[in-house]
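Here is how names work: the chains are called A, B, and so on, in the same order as the sequence lines, proteins then strands, and each is numbered from 1.
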Number of protein chains: 2
Amino acid sequence: MRKVKISDIASKAGVSISAVSFVLNGKEKEMRISKSVARKIRQVAKKEGYHPNRAAVSLRTGESKIIGLIVDTISGSFFSRLANVIETEAGKYGYKVIYGSTANGSEGSEQLLRILSQHNVDGYLVMPEARIESQIASLIKRKNPVVLIDSYFAKLGVPYVMVDNFQGVADGVSWLYEKGYRRIGFVGSDLDMVQMKDRVRGYSDTVKAKKLKIPKGLICETVYGMENTMLIRKIADYVKKMRPDALMFGANYLGVAGLEALTGLGMSVPADMGMVCFDDMDIFRLYPPGITAVEQPIHEIGHKAVEILMGEMGVIPVSVKKSIMIKGHLVERNSFRVG
Amino acid sequence: MRKVKISDIASKAGVSISAVSFVLNGKEKEMRISKSVARKIRQVAKKEGYHPNRAAVSLRTGESKIIGLIVDTISGSFFSRLANVIETEAGKYGYKVIYGSTANGSEGSEQLLRILSQHNVDGYLVMPEARIESQIASLIKRKNPVVLIDSYFAKLGVPYVMVDNFQGVADGVSWLYEKGYRRIGFVGSDLDMVQMKDRVRGYSDTVKAKKLKIPKGLICETVYGMENTMLIRKIADYVKKMRPDALMFGANYLGVAGLEALTGLGMSVPADMGMVCFDDMDIFRLYPPGITAVEQPIHEIGHKAVEILMGEMGVIPVSVKKSIMIKGHLVERNSFRVG
DNA sequence: TCACTTTGCTAAAACGTTTTAGCGAATTGA
DNA sequence: TCAATTCGCTAAAACGTTTTAGCAAAGTGA
């Protein structure tokens with residue numbers, strides 16, 4: 001059951017290796033291989049179960065049919081679900097996904113990128129963290145196809161796909177407003193990426209548009225990477241001090257911590273607090289009354305990211321829009337006080 | 001900034017390609033390259049930033065330094081967290097992970113395995129579903145290193161790493177017993193894998209050992225792959241009919257559905273029902289009183305799986321135990337009625 | 001000193017493809 | 001009929017490694 005190679009097909013079909021290669025790569029017209037020979041080759045190849053050795057192809061062509069997926073950490077439902085759709089979408093174009101995380105200490109991002117480049121990776125899908133920016137820049141300089149997901153670096157003109165953070169938060173805050181809340185707080189983080197900044201802006205602008213008088217402190221800025229118990233305490237302190245009547249959370253893990261903080265204070269949603277969270281999670285659906293959340297269109301994000309990357313890689317015609325922003329969807333649940 | 005290759009190093013160091021290869025692969029002793037030349041070569045290689053083209057290496061040696069991770073679907077917290085640790089653990093040995101899911105329709109498992117084999121994958125980590133058994137068998141027949149995770153196929157003697165399902169459920173049931181419950185039900189699925197069967201056995205044996213009289217019907221067998229709303233209804237009907245005073249759930253998604261079912265019936269945990277779930281989830285920690293669960297030792301599972309696979313692949317000396325079972329840990333929370 | 005071994009290195013084949021250049025036969029144009 | 005073109009295909013180089021076989025110089029034993 002040795003692996004069958006192109007020369008096997010060539011000899012069994014009584015033709016040259018080149019002929020086989022041409023036919024199997026769809027260049028029979030161009031290379032004028034006759035219909036009959038082409039048919040024969042295809043038939044033999046199928047019968048013998050031929051599939052090209054990717055290493056050889058990669059060596060010869062420099063293409064690996066592999067794309068690299070770089071994430072901070074893949075645990076976390078948003079990432080893992082996205083990874084899943086990326087895998088299927090890439091598969092549709094015949095690409096496999098190899099992924100690496102930059103966070104888990106095993107290797108720095110330069111190391112990771114080097115390894116991926118050693119594997120002749122054809123393109124990169126990156127969910128960036130700030131400290132990777134320079135690496136991305138060097139990828140771009142070397143003409144590597146890159147598409148950023150869920151954030152972007154303003155300076156580099158890298159294509160990106162992201163959710164409309166501003167609009168998402170704005171929708172959430174508006175929903176709370178419509179439900180009658182007037183002292184709406186925001187829990188965000190100090191993460192230095194547009195991602196979070198747009199969310200903060202989504203909050204501030206909306207609150208301004210609704211002509212709510214907000215004390216500055218109604219924004220609770222947590223430290224990114226903060227340990228969970230600290231985070232919970234921070235939110236609890238904020239709630240005790242500022243007494244918002246509703247909270248808009250800027251990220252799913254913040255919402256989760258928020259729930260824990262409220263529980264700790266003996267408060268409950270929606271009796272004592274209105275709530276909306278940016279980015280949905282199972283728990284928001286299951287938590288007793290159901291927590292309204294802004295759902296990220298994961299499927300569309302993954303779909304578009306792969307599509308744009310394929311464009312960059314020359315696999316498909318490049319589309320006009322190299323960067324897109326996708327609207328999130330407000331999933332209304334019962335995290336508001338009635339009447 | 002062209003990629004530097006071995007011949008560049010050779011010429012800059014004024015030696016042959018072979019010499020460079022020997023030194024950089026640590027065969028200098030064996031191939032008696034002098035200290036001084038070796039030093040020179042290493043120095044030049046470092047300065048020029050040489051890193052071997054993996055495609056070429058792979059073509060020549062047949063090894064890719066890539067392992068294939070095959071899962072049903074990577075979304076789901078257990079899988080994604082496990083994927084994460086596998087990635088880091090594999091990284092420690094210099095291996096990258098390429099993964100493919102069999103479930104999401106894009107490609108069948110034969111197709112997936114073929115593609116991985118085209119990429120010269122060195123070994124496989126598989127979280128099996130029943131229908132992949134024959135494929136695994138053929139991998140084994142072709143002497144491919146394979147380690148199964150979280151289940152095993154009795155017939156094939158494939159190494160595996162799994163959690164002690166029997167013990168985990170037994171611990172959960174015992175906990176409920178200690179809390180005073182005497183009419184403990186079990187919600188499992190008809191999934192035809194040892195995995196689930198051991199859990200059912202863990203329940204039945206424990207219940208028998210405690211000398212509880214259980215009507216047969218206290219086991220609720222759900223259909224694997226059942227649609228969620230159907231699942232919830234099934235559990236609700238079962239609860240209404242059999243009136244257990246506590247429930248042991250055989251899988252995390254079952255526990256979640258169970259919570260929804262109970263909510264639908266106007267019942268709550270722990271006031272109206274004791275509960276333990278096999279396999280922990282965020283929601284069990286966050287759900288108001290906290291649901292006791294059997295936590296799977298994800299880190300250890302991933303660690304061991306990679307270790308055994310490396311043994312199979314000849315990367316490290318093969319350990320005595322090729323298959324291991326790891327104990328889960330009962331995380332006690334407040335899903336029981338006091339007094 | 002001479003045969004033999006060891007030392008330190010190199011040449012070249014091989015891995016399985018893709019692709020360029022080109023060759024003989026058939027066809028066309030005049 | 002003869003030159004020119006087109007047709008249908010093949011030979012061989014190249015991709016960047018690893019590894020086998022072997023060669024010249026130096027060392028060793030007698």
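- OP1 or OP2 of C:dC15 has not a single side-chain nitrogen or oxygen of A:Asn53 nearer than 4.0 Å.
- Put simply, NE2 on B:His51 is 16 Å from P on D:dG16, counting in whole angstrom units.
- A salt bridge links A:Lys304 with A:Glu307: the closest approach of a Lys/Arg side-chain nitrogen to an acidic carboxylate oxygen falls below 4.0 angstrom.
- One atom, NZ of B:Lys65, and another, P of D:dT17, lie 16 Å apart when rounded to the nearest Å.
- Rounded to whole Å, the distance from CG on A:Leu24 to P on C:dT17 is 10 Å.
- The CD atom of B:Glu30 sits 12 Å away from the C1' atom of D:dT20 (whole-angstrom rounding).
- Contact annotation: A:Ser21 does not reach the phosphate of C:dT17 (side-chain N/O to OP1 or OP2, under 4.0 Å).
- Spacing between atom NZ of B:Lys40 and atom P of C:dG8 amounts to 19 Å, rounded to whole angstrom units.
- Remark: P of D:dG16 and CD of A:Gln118 are 14 Å apart, rounded to the nearest angstrom.
- For the residue pair A:Asp150 / A:Gln195, a side-chain donor-acceptor distance below 3.5 Å is found, with atom types taken as modelled.
- At least one donor-acceptor pair under 3.5 Å links the side chain of A:Thr61 to the backbone N or O of A:Val57.
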I'd like a list of close polar pairs between nucleotides 8-14 of chain D and the protein, N/O only, cut-off under 3.5 Å.
from: D:dG8; atom 1: N7; to: A:Arg32; atom 2: NE; distance (Å): 3.3
from: D:dC9; atom 1: OP1; to: A:Ser34; atom 2: OG; distance (Å): 3.2
from: D:dC9; atom 1: OP2; to: A:Ser34; atom 2: N; distance (Å): 2.4
from: D:dC9; atom 1: OP2; to: A:Ser34; atom 2: OG; distance (Å): 2.9
from: D:dT10; atom 1: OP1; to: A:Ser16; atom 2: N; distance (Å): 3.4
from: D:dT10; atom 1: OP2; to: A:Ser16; atom 2: N; distance (Å): 2.9
from: D:dT10; atom 1: OP2; to: A:Ser16; atom 2: OG; distance (Å): 2.8
from: D:dA11; atom 1: N7; to: A:Ser18; atom 2: OG; distance (Å): 3.3
from: D:dA11; atom 1: N6; to: A:Ser18; atom 2: OG; distance (Å): 3.0
from: D:dA14; atom 1: N3; to: A:Arg60; atom 2: NH1; distance (Å): 3.1

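- Between the NZ atom of B:Lys3 and the P atom of D:dC15 there is a distance of 14 Å, given to the nearest Å.
- Between B:Glu28 and B:Arg42, at least one side-chain nitrogen of the basic residue sits less than 4.0 Å from a carboxylate oxygen of the acidic one, meeting the salt-bridge criterion.
- With respect to A:Lys27 and A:Glu30, no salt bridge is recorded, no charged nitrogen being found less than 4.0 Å from a carboxylate O.
- Straight-line distance from the CG atom of B:Leu59 to the P atom of C:dT18: 12 Å, rounded to whole Å.
- A donor-acceptor pair shorter than 3.5 Å can be found between the side chains of A:Glu87 and B:Ser101.
- Distances shorter than 4.0 Å separate some side-chain N or O of A:Lys27 from OP1 or OP2 on C:dT19.
- Between A:Ile149 and A:Val126 the shortest side-chain heavy-atom distance does not fall below 4.5 Å.
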